[in-house]
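Report on one structure; see the data block that follows.
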Amino acid sequence: MTTAFIILAAGKGTRMQSDLPKVLHPIGGAPLLVHAMKSGAALEPERMVVVAGHGAEQVEAAAKDWNPDAQIVVQSEQLGTAHAVAQAAPALADFNGDAIVLYGDTPFITDTTLAAITAARLTHDIVILGFEAADPLRYGRLVMDGTTLTKIVEFKDADEATRAITLCNSGVVCADAATLFELVSAVGNDNAAGEYYLTDIIEIARQRGLTATAVTCDEAETQGIDSRAQLIAAEALFQSKARGALIEDGVTLLAPDTLYLSHDTVIGRDAVIEPNVVCGPGVTIETGARIRAFSHLEGCHVSRGAVIGPYARLRPGAELSENVKVGNFVEVKNAQIAEGAKVNHLSYVGDATIGAGSNVGAGVITCNYDGVFKHQTTIGENVFVGSNTMLVAPVKLGDDSMTASGSVITRDVPAGDLGVARARQDNKPGFARRMFEKLKKLKADKAKGS
Ligand code: UD1
């Protein structure tokens with residue numbers, strides 16, 4: 001079935017106590033809005049319309065960042081959920097298929113639930129997603145007659161008997177797009193809140209001879225985020241689901257509760273992740289790699305058999321080939337490290353390429369920044385970079401070359417050569433002993449005087 005998502009994201013989110021629009025608060029490193037956009041990816045929606053309002057420019061940027069084809073429409077006044085859906089009508093005027101209304105602050109709707117909704121659409125004109133609420137609070141109530149949904153009554157407008165219903169409205173709606181827009185255009189605002197309720201479409205539809213039903217999901221899935229406390233709980237839920245999925249896929253997590261994952265983290269089977277590892281956005285770790293404790297990764301690719309850390313930092317653009325070793329207190333940024341190369345201790349490798357089989361000694365720094373521009377360091381294959389070498393970029397070390405430790409390398413080192421750039425050592429016979437004696441005597445004299 002051809003599907004369009006309409007994602008409502010115009011609300012301010014006052015309870016977040018934040019200048020950031022509510023839907024841009026992140027879980028797993030991505031805005032809530034992106035989670036909503038990602039949900040139901042399995043349905044491969046042909047169109048995606050985001051209804052923005054508060055902070056519309058920021059919301060638009062975030063939506064387009066995730067999906068450049070997303071269409072943004074602005075609801076400048078928030079007059080209710082039906083009014084919000086109506087704003088998407090012009091954007092979908094040329095669209096034939098089903099529309100599913102989702103919410104920018106509701107990140108956990110699953111593919112399975114959306115598949116159940118589309119399945120129910122085969123037999124009904126409108127499908128609503130409901131849930132059995134443990135504490136129905138102020139949710140809209142679904143009034144059912146067998147499998148038929150007869151109406152949705154908002155809490156504010158409900159009598160005691162209706163408030164006793166525990167089957168609640170999640171807000172998610174699926175219907176043929178043209179039908180949906182026709183129905184929302186007929187919604188009025190004569191109700192307790194003076195808003196255009198999306199929920200009113202059910203009664204209007206039934207008056208027009210259309211059918212409606214509800215499918216249900218777990219309450220946790222439909223949970224919207226309204227406050228910082230709910231955001232924290234949502235982050236915890238996201239993390240535990242993401243870790244669970246990795247474990248299910250055959251990844252070894254030595255201390256799952258201490259692993260932080262992002263919405264797009266990819267980790268291959270039989271990779272081992274030691275305790276206290278952070279995976280920021282854009283991390284791919286291939287099968288069999290090992291990430292040792294206290295490492296921080298973002299925007300990087302770690303290939304099979306590579307060993308990272310403990311205490312390593314991989315920043316965006318770090319591309320590590322098979323069997324690479326990056327050890328403790330090493331930072332790698334925008335650098336390609338070829339197969340089997342090693343950077344084992346206390347180094348900074350930025351804007352660089354390191355050829356296969358090279359060994360970068362302890363304390364080596366690529367001096368990539370001159371205060372204005374960034375420059376490239378190129379290290380060939382099987383190079384031995386001596387400890388504490390400063391590589392002042394732009395600079396190249398040819399294949400099979402070597403640098404003497406402590407060198408400040410400012411010129412290219414040709415293949416097979418040794419680059420030495422440090423002062424020649426001069427030993428002063430007996431100097432140290434004489435100096436110590438002098439200092440010790442001075443100390444003793446001072447102690448006597450005091
Ligand atoms: C809505 C439902 C209610 C359901 C509940 C589930 C209606 C009338 N009521 O109530 O039955 O139980 O969700 O959470 O639909 N929004 C806009 N523009 C608007 C109004 C809302 O974009 O003009 C967005 C908000 O940003 C929010 C979402 O729609 O993300 C829900 O709106 P809200 O006003 O919070 O609806 P509820 O009162 O929760």
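Atoms within each ligand, like the ligands themselves, are counted from 1 in listed order.
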Does atom NZ of Lys151 have more than 12 heavy-atom neighbours from other groups under 6.0 Å away? no
Nearest 0.5 angstrom please: Ile201 CD1 to Leu183 CG, how far? 5.5 Å
Is any side-chain heavy atom of Val85 less than 4.5 Å from a side-chain heavy atom of Phe181? yes
Would you check, one step at a time, whether the test side-chain contact (heavy atoms from CB on, under 4.5 Å) holds for Val74 with Gln87? CA-CA 7 Å; Val74 176; Gln87 307 312 302; over 6 Å; no
Okay, side chain of Ser387, backbone of Ala362: is any donor-acceptor separation there less than 3.5 Å? yes
For ligand 1, the residues whose heavy atoms come within less than 4.0 Å (ordered by chain, then number): Leu8, Ala9, Ala10, Gly11, Gln75, Gln78, Leu79, Gly80, Thr81, Ala84, Tyr103, Asp105, Tyr139, Gly140, Glu154, Asn169, Ser170, Tyr197, Thr199
Do the side-chain N and O atoms of Gln239 and Glu235 include a donor-acceptor pair separated by under 3.5 angstrom? yes
